Amino acid sequence: MHICRTVADVRSLVAGLRAEGRSVGLVTTMGALHDGHLALVAEARGLYDAVVTTIFVNPTQFGNPQDLDAYPRTEAEDLAKFEAAGVAGCFVPEVGEMYPDGDETIVETTRLAGLFHGAVRPGHFRGVATVVCKLFNIVQPDGAFFGQKDYQQLAVIRRMVTDLHMPLAIHGVATVREADGLAMSSRNVRLSPEDRAAAPVLARALDAAEALAARGATVEEVAGVIREMVEAEPRATLAGLDIVDAGRFLPASGPVTSPVGIMLSAEFGPPDNRVLLIDQRELTPQGA
Ligand code: PAF
């Protein structure tokens, strides 16, 4: 596997793959890899001839410097995992390579970036869209893969690709879970054993919501059961619960007559080491 530190390195790797007539799938990450990332790679390998990955802890998507500093960095292990997964090359740039001196260009999905998760983390989705746009321009893949767990992030990226006429396919990949249902996340390693044991409440609340919706419950009833279950867990502080119309990404209400996305987040841990976990579920109307 090629390890590329500069834009020029990764462009020359991709040019070589193209010269051999190979299609290229991209998996972007911030490292601290878990099986969820490797599921993205596996999916990409199934659809494209070669897979290029990236590891870059993007400072512009962190509102809080402590969160950026606390983000786990495990480059050597990550590279070994990518190599074992059959990745052709991994781009691992420094901040200065991604944000050149004097950098002043940003990409923002103006409506989506300010909603829901974006309202509590101002600037987050601007940072994500900007870095993902840069990575798409650098690698120029045929397709790119993102986890459905980051439901709003996926919507932001799809919007950006449509609006900026970017010539690639975006693939959303189902969330990979631990045996007890907890969605895999690089943040899970920061949980204390007690918080780790409490964290599957998010998945259980979403399971209950899905079962309720299957019996014809309204969006309000679904929201009520999720809130009740998360609030009953003393180690969790509910941070966000939004149920949106999956097509328009606007708040949903009443009976579930078209697909809706539930975005749920909660904080765990003491004030000096809060860990924000998110989870998501898409509900389809009964009989659809
Ligand atoms: O989902 C992530 O890991 C990041 O937000 C991404 C897409 C790699 C951009 O930094």
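Indexing begins at 1, ligand by ligand and atom by atom, following the structure's order. Just so we're clear, the structure is a prediction, and the values are computed from it rather than from any experiment.
- Under the 6.0 Å cut-off for aromatic ring centres, His171 and Tyr48 qualify, their centroids lying closer than that.
- Residue-environment remark: CD (Glu20) exceeds the threshold of 12 foreign heavy atoms within 6.0 Å.
- Here is the list of ligand 1 atoms found below 4.0 Å of a heavy atom in Gln61: 4 (C), 5 (O), 9 (C), 10 (O).
- By the side-chain hydrogen bond (donor to acceptor under 3.5 Å, both in side chains) test, Asp207 pairs with Arg281, sequence neighbours left out.
- Proximity of Val131 to ligand 1, defined as any heavy-atom pair under 4.0 Å, is confined to the side chain (atoms from C-beta onward).
- For Glu231, the side chain to side chain contact (heavy atoms under 4.5 Å, CB included) partners are Arg227, Leu238, not counting sequence neighbours.
- Nearest protein neighbour of atom 2 (C) of ligand 1, counting heavy atoms only, is Gln153 NE2, 3.8 Å.
- Between Thr28 and ligand 1, no N or O atom pair is found at a separation short of 3.5 Å.
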